[in-house]
Amino acid sequence: MITAHSHDNDGNAAIRLFCEMQRDGFRPDNFTFTSVISAVGLVAESEKHCQQLHSRELFDGMAEKLVVAWNAMISGYVHRGLLQEAFKMFKKMYLSGVQFDEFTYTSIISACANASFLLLGRQIHAYILIKMRVKDLVSWNAMLSSYVNSGRMNEAKEIFQEMPEKNLLTWAVMIAGLAQNGLGEESLKLFNLMKLQGFQPCDYAFAGAITSCAALGSLKSGRQLHSQLIRLGFECSLSAGNALITMYGRCGVVGDARNLFLTMSFVDSVSWNAMIAALGQHGHGVQAVELFEEMLKEGILPDRITFLTVLSACSHAGLVEEGHRYFDAMHDIYGITPGEDHYARMVDLLCRAGKFSDANDMIGKMPFQPGPQIWEAFLAGCRNHGNMELGIQAAERLFEMIPQNDGTYILLSNMYAAKGLWDNVSRVRKLMRDQGVKKEPACSWVEAENKFHVFMVDDTAHPEVNAVYSYLKQLVLEMRKLGYVPDTRFVLHDMESDQKEHAISTHSEKLAVAFGLLKLPRGATVRVFKNLRICGDCHNAIKYISKVVGREIVVRDGKRFHHFKDGECSCRNYW
DNA sequence: GTAGGGTTAG
């Protein structure tokens, strides 16, 4: 009977029965003890029917400790989140010479997955791999997801290869893991392989694949996945639906995201957060804020992420007052303590708006030391407003905190270049070289003719690059007639001025835009993606291009979207 | 008598 309650997850009922049993004078045996240990493990300390009953005492009192009892102890600890205790028990078990079985392994793997005890996890993992060749599928999956969750994708791939069998969950974990770790193309390949091997993808696998499309900007594959999803009857899946909202937003079609959001039969706070984020990334700050207010009216509680997205939305749209109001409300009304990330959004909002002294006040009010996030936001704002003095201060802090971060050097060097202080530019560049820091290469890509075309600066690798350059030349002639003047302040090295013009004319985003215009059907919107922030001259040039060709051009850079149309950009130069 | 694996939002 005690076991039955334990199986029903009713730990308290089992404990009560055990107390009765003892009161009536029955002596519990090993089996009873094990069940009760398990029952105690199910219940939180504060909710336990009998506070005096501790699994550890029961365990220590057992005359003969079989593997089952050890397992019950370990899984109880894991269940209550006492991971250190679980590891201690595991070690003790090893020292006592009792052989582990698959129950032991799964509990301990799960403990490794739940914590950042990665080092310990690795030792145990190595041990398990050697000691136990035969594992069941669930243990393998637990191991796989612990690697995926800690971002160790090479190890995860090894495990995935090594697994003697796989199920739906194995595939889903791997597909989502690749998506989250910047390996979108591999993730989509795996999704197709899954189907080829006869597995019908579940909605979690779909969600992972859709997330990859969002990262890559592959609207085409994203739409295909959406229709497959409907055909297979997963239309109501929350995780897939939420991933789709993000995918549409991140692929530049925020209207499609909104349509989906409005027609989904179930939504949760993740859906709301995703939709608010999509609006914010496209610079629709007012709409984002309105949606947030609607969320509150519907009685849905905002969380930390909701506030991050709302503050970002305010920042991209210059809604300073609203930002302040929500920042205060977060703590005062919703009881959420702002983290460094929330403060960083506020600093970003204020600096972007040129309110540096307010930003400094904000930093002064922080209950902890400002970290890299704060100074990065500060520096970016200084760069936008050409505030050299404060920019240098922020950069110095960043050099101390994260000397290997390429962005600091680049922003600082950009600031000097914009003012024509070329000596300082070369000093920063030298410092960067001396520190062994490499700039992440800029690249832009565009989806056309069923594949992605990637362009680097001054690209020579793409097979059709000559056609792109000659088309760009033609475009520039037309643009100049409308008043376009190349802005060479955005070159990073000092050189002769015609060389500077050449240098900016080959920026990757210009190449990708030109290629898209050449290859996509007449009149179709061109959607270009860039890994870093768009360059100021490119931003200006693409405005002119949109006017010359009479087409809409959408660029997603590392931070946000720019919709170019009729010579204007949706960001209204606020970015 | 003991156990366990997933997803979506920034």
Side-chain angles (χ1 to χ4, degrees), chain A residues 2-4 6-7 14 28-39 41-42 55 59 62 65-76 78-79 100-111 113-114 135-146 148-149 163 166-177 179-180 202-211 214 234 237-247 249-250 257 261 264 266-278 280-281 302-313 339 341-342 344-345:
Chain A
I2 292 173
T3 310
S6 199
H7 282 178
D29 61 7
N30 258 341
F31 288 68
T32 324
F33 275 125
T34 312
S35 271
V36 179
I37 288 171
S38 159
L42 292 172
S55 46
F59 179 77
M62 285 173 78
K65 296 179 181 67
L66 297 174
V67 57
V68 195
W70 287 98
N71 290 345
M73 279 305 295
I74 293 173
S75 68
V78 175
H79 196 263
F100 304 138
D101 66 7
E102 64 268 38
F103 284 68
T104 330
Y105 289 124
T106 329
S107 290
I108 213 72
I109 292 168
S110 155
N114 282 327
K135 278 196 286 283
D136 68 353
L137 185 51
V138 177
S139 316
W140 275 107
N141 283 342
M143 185 99 84
L144 181 69
S145 67
S146 78
V148 162
N149 289 337
M163 287 175 71
K166 300 177 174 65
N167 65 4
L168 274 182
L169 213 133
T170 319
W171 289 93
V173 168
M174 198 59 196
I175 289 166
Q180 282 156 7
C202 58
D203 61 335
Y204 291 121
F206 268 100
I210 292 166
T211 302
F234 290 128
S237 158
L238 252 183
S239 44
N242 292 341
L244 280 167
I245 295 175
T246 302
M247 185 278 291
R250 303 249 296 139
F261 176 71
M264 274 167 71
F266 306 103
V267 289
D268 62 2
S269 64
V270 176
S271 329
W272 286 88
N273 291 351
M275 195 58 229
I276 294 169
Q281 285 154 7
D303 56 20
R304 308 182 58 80
I305 292 172
T306 316
F307 283 103
L308 282 178
T309 60
V310 171
L311 294 176
S312 284
D341 39 4
H342 295 100
R345 302 294 157 114

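All chains are named by letter (A, B, ...) in the order of the sequence lines, taking the proteins before the strands, and each is independently numbered beginning at 1. As a basis for the values below, the full set of heavy atoms in this structure was taken, side chains included, without hydrogen atoms, waters or symmetry mates. Here the structure is a predicted model, which means the values were calculated and not measured.
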query = Taking the side chain of Gln180(A) as its heavy atoms from C-beta onward, which of dG5(B), dT8(B), dG1(B) lies nearest to it?
reply = dT8(B)
inquiry  = Given dT8(B), dG4(B), dG10(B), identify the nucleotide with an atom nearest to the side chain of Val270(A).
reply    = dT8(B)
note = Met73(A) atom CE is separated from dA3(B) atom P, nearest whole Å, by 13 Å
task = May I ask you to say what Thr211(A) touches in the nucleic acid, namely base, sugar-phosphate or nothing, with a heavy-atom cut-off under 4.0 Å?
result = sugar-phosphate
message = Output the rounded distance in Å from CZ (Phe261(A)) to C1' (dT8(B)).
response = 14 Å
message = So if I take every side-chain heavy atom of Phe31(A) and compare against dG5(B), dG1(B), dG10(B), which nucleotide ends up nearest?
response = dG1(B)
remark   = Here the distance between atom P of dG5(B) and atom CH2 of Trp171(A), to the nearest Å, is 22 Å
message = I'd like to know if the side chain of Thr34(A) reaches the main chain of Asn30(A), judged simply by a donor and an acceptor atom lying under 3.5 Å from each other, with no hydrogens or angles considered.
response = yes
inquiry  = Regarding Arg345(A), tell me which of base, sugar-phosphate or nothing describes its non-hydrogen contacts under 4.0 Å with the strands shown.
reply    = sugar-phosphate
key: Atom pair distance, as rounded to whole Å: CH2 in Trp140(A) and P in dG6(B)   = 17 Å
message = Thr246(A): which residues meet the side chain to side chain donor-acceptor pair (under 3.5 Å) condition with it, sequence neighbours left out?
response = none
request  = Can you tell me the distance, in whole Å, between the CE atom of Met174(A) and the P atom of dG6(B)?
outcome  = 15 Å
request  = Take atom CE of Met163(A) and atom C1' of dG4(B), then tell me their distance rounded to the nearest Å.
outcome  = 13 Å
query = Just checking, is any N or O donor in the side chain of Ser35(A) or Ser6(A) under 3.5 Å from an acceptor N or O on the other one?
reply = no
remark   = Between CZ of Arg250(A) and C1' of dG10(B) the distance, given in whole Å, is 10 Å
query = Is the phosphate of dA9(B), meaning OP1 or OP2, less than 4.0 Å from a side-chain N or O of Ser271(A)?
reply = no
task = Please tell me which of the listed nucleotides, dT2(B), dA9(B), dT8(B), lies nearest to the side chain of Asp268(A)?
result = dT8(B)
ask   = How long is the line joining CD1 of Ile245(A) and C1' of dT8(B), in whole Å?
value = 9 Å
inquiry  = Counting the atoms with a prime plus P, OP1 and OP2 as sugar-phosphate, which does Asp303(A) contact under 4.0 Å by heavy atoms, base, sugar-phosphate, or nothing?
reply    = base
request  = Classify the nucleic acid contact of His7(A) as base, sugar-phosphate or nothing, counting any heavy atom under 4.0 Å across all strands shown.
outcome  = sugar-phosphate
message = For Phe103(A), run the side chain to side chain contact (heavy atoms under 4.5 Å, CB included) check against Asn71(A), Val67(A), Val68(A) and tell me which one passes.
response = Asn71(A)
task = Report the residues that fulfil side chain to side chain donor-acceptor pair (under 3.5 Å) with Ser271(A), sequence neighbours left out, ordered by chain and then residue number.
result = Asn242(A), Asp268(A)
inquiry  = For a quick check of understanding: with a heavy-atom distance under 4.0 Å over all strands, which category does Asn167(A) fall into, base, sugar-phosphate or nothing?
reply    = base
